[in-house]
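Residue indices begin at 1 and follow the sequence shown. First listed ligand is number 1; within each ligand, the first listed atom is number 1.
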Amino acid sequence: MEFILDAVLYLSQPLEAELGSFLSEGAKLLDKGAPKGQGAVLVNWLLEGDMLKLKIKSGTYVRPHDAVYRLRNYLAEKIGREYKTGIRSVKGVRYEISFMLEHEPKEKISIPFVKELNFEGKTCRILLLDLDEVFLRNNYVDRIISLIKEKVDEQAYAGKDEHHEITWSSPKKKHAGKIDPTEEMKKRGWIKHRGRGQWIYGPTATRIIKTMESIVEDKLLKSLGFTEVIIPKAVTWDVWKRSGHAKSIYNEIYYLSPPKSRDPAYWEEVVDLYRITGEIPLDKIKERMDYPIGGVSYAQCPPFWPLFSNKTLSLEQMPVTVFDRSGPSMRYESGGLHGIERVDEFHRIEVIWIGTYEQVKDLHQKIIDQYRLIFNDILDLEWRMAWVTPWFMAQEGLHGLADEKHVVGTVDFESYLPYKGSRKESEWLEFQNASNNGMKYPQGFNVKLSGGQQLYSGCTGIGLERWLASFLAQKGLDPEYWPKAFKKRVGVLPEEFILL
Ligand code: ATP
Ligand code: ZN
Ligand code: MG
């Protein structure tokens, strides 16, 4: 690594003085905290009117953007006392950095703030110009270097498929046929498509979903002692910054913007236009909308964590075991919509557990065992489990990776959809997953555990639309052929509405 910074300290007034001894004293501070002789070096300096120009060079230790402030603080005191002159501001005129990468980049990349970016084998050289104090003081430099490294890593993993290792499969089952559940339900008036990727579920479809919920309640939530909470569905940026989602989800969010003003007069034109034209004046509305405060629930658990952020949980009370089913999640799936299996507005029960390494690992296993019971004994599904790249790595572009020990990471639950083709060749449906999220959330939200052990957490999102699709695709819509244990729970199906 090599860093060369040309910086200017702007003085409060032009100065003619011999600063040599101050600067050579000050330069001694640039070695502090580094192995001997490996700190930053003041290469040269020049005083010109109210500008003190500095050239600072370093390797790995004491980067010049830190070194320049050590000098600034030292000099401010000295020339303040000696010459009654202050230092108004610092500017980075030119910053040249070269560092090594793990992989050779495959493609060009562009990075904000970087004027020039060149690769030579695994060496990257960047040039930054005109840097203000916000840039220098807030360590943008280190983040730029990390971002370049991450983007190059992503290129290396880009071609790789998601890690997908089947760890368990149910026996093959006999299915009711090859029906597409969405089409069949539409025909019978059980569901109706609305808007983009959104459905109205009539009484029958809802009854099936609610029966599935009650099974989850009995066989998983009650039996393992989970309690219900209500998690917000409007998620603000601070949450996604801490959960890590702010690194990537922009193309899939439904954004939430408040009005710029609540004053009816501010909206009068919009109201009048609608009353005259009968059309919603979208451009006029857009002008009156403020910046988004965040978006609609994407993953369900991140907005739970502010309940604990910057606090210490009590070891005696561990594990925390809660669930939420207080509202839908939304994702902009764009072209990827398919029936009820991939929708923009969907419903999940989100189950969250928090505790020590052992507790989280243990609950992950217990939850998987309960699912096994539900899918085998009650729903009688043909399904399988796969150990996959955890969502938090996939989101950072690190496809193809997974914990070899199968502890921290994600189990996907997949069902066979006969209407999609053969077992071997068709794509199975991921109808839910169960993740041990490791230290990800406790670290992101700064939550500690009394007694000093590290805190871990896990979550599982039960995708109710996908449960419904999996079940009906295999069992058909006629209750006569449904597994007994399920049929008993559903009871007599409600009547659908007659539309004349
Ligand atoms: P996919 O690969 O199908 O897009 P995902 O990896 O984006 O799924 P996760 O982020 O892991 O999904 O979300 C967890 C669960 O939420 C999924 O297993 C599924 O049950 C549900 N889910 C996610 N996206 C959708 C969607 N668009 N429609 C319906 N359910 C969804
Ligand atoms: Zn979650
Ligand atoms: Mg997705």
Exercise for the section: Tell me, yes or no, whether the heavy-atom count around K151 atom NZ, taken from other residues, nucleotides or ligands under 6.0 Å, exceeds 12. Expected result: yes

Fill in the blank from the handout: ligand 1 to V343, heavy atom cutoff 4.0 Å, flagged ligand atoms 26 (C), 27 (N), 28 (N), 29 (C)

Handout entry: Heavy-atom nearest neighbour in the protein, as seen from atom 16 (O) of ligand 1, with distance rounded to 0.1 Å
Key = R348 NH1, 3.0 Å

Problem - Region of E465 engaging ligand 1 - heavy atom pairs below 4.0 Å - result: neither

Problem - Polar protein atoms (N, O or S) that approach the Zn ion (ligand 2) to under 2.8 Å - result: C301 SG, E350 OE2, C459 SG

Practice task
Tell me yes or no: between the side chains of E358 and T356, is some donor less than 3.5 Å from an acceptor?
Solution key: no

Problem - Proximal ligand 1 atoms for G463, defined as those under 4.0 Å from one of its heavy atoms - result: 20 (O)

Problem - Expected output: side-chain R466 to main-chain Q432 donor-acceptor under 3.5 Å - result: no

Problem - Presence of salt bridge, D324 and K233, under 4.0 angstrom - result: yes

Handout entry: Sole residue of R423, K174, K475 in salt bridge (charged side-chain N to carboxylate O under 4.0 Å, His left out) with E382
Key = R423

Exercise for the section: Give a yes or no on this: more than 12 heavy atoms of other residues, nucleotides or ligands lie within 6.0 Å of atom NZ of K488. Expected result: no

Practice task
Give me the ring orientation class for F135 and F113: parallel if the planes are under 30° apart, tilted from 30 to 60°, perpendicular past 60°.
Solution key: perpendicular

Handout entry: Heavy atom of the protein closest to atom 4 (O) of ligand 1 (residue, atom name, distance)
Key = R342 NH1, 2.8 Å

Handout entry: Charged N-O contact under 4.0 Å between K284 and E269
Key = yes

Exercise for the section: Name the closest protein heavy atom to atom 9 (P) of ligand 1, giving the residue it belongs to and the distance to 0.1 Å. Expected result: R331 NH1, 3.8 Å

Handout entry: ligand 1 versus E341: contacting region, heavy-atom distance under 4.0 Å
Key = backbone

Handout entry: Electrostatic pair D142-R63, nearest N-O below 4.0 angstrom
Key = yes

Handout entry: Nearest-neighbour protein heavy atom for atom 11 (O) of ligand 1, which is reported as residue plus atom name and distance
Key = N433 ND2, 2.7 Å

Problem - Aromatic plane relationship, W353 with F226 - under 30° parallel, 30 to 60° tilted, over 60° perpendicular - result: perpendicular

Practice task
Fit a plane to each ring of W168 and W383, take the angle between them on a 0 to 90° scale, and name the class: parallel (under 30°), tilted (30 to 60°) or perpendicular (over 60°).
Solution key: tilted

Problem - Top protein contact for atom 22 (N) of ligand 1, by heavy-atom distance - result: F346 CE1, 3.5 Å

Problem - Nitrogen or oxygen of G461 less than 3.5 angstrom from that of ligand 1 - result: no

Problem - Heavy atom of the protein closest to atom 18 (O) of ligand 1 (residue, atom name, distance) - result: E430 OE2, 2.7 Å

Problem - Per-atom contacts, ligand 1 versus E333 - under 4.0 Å to a heavy atom - result: 24 (N), 26 (C), 27 (N)

Exercise for the section: Please confirm whether the backbone N or O of R384 pairs with a side-chain atom of Y416, one donor and one acceptor, at under 3.5 Å? Expected result: no

Exercise for the section: Answer yes or no: is there a side-chain heavy-atom contact under 4.5 Å between D218 and R489? Expected result: yes

Handout entry: Matching residue for E333 among E345, E252, R196 - test: side chain to side chain contact (heavy atoms under 4.5 Å, CB included)
Key = E252

Fill in the blank from the handout: Closest to atom 19 (C) of ligand 1 among protein heavy atoms sits R466 NH1, 3.7 Å

Practice task
Have a look at ligand 1 and work out which part of F413, if any, has a heavy atom under 4.0 Å from it: side chain, backbone, both or neither.
Solution key: neither

Problem - I340 N/O under 3.5 Å from ligand 1 N/O - result: no

Exercise for the section: Go through ligand 1 atom by atom and flag the ones less than 4.0 Å from a non-hydrogen atom of F431. Expected result: 18 (O), 20 (O)

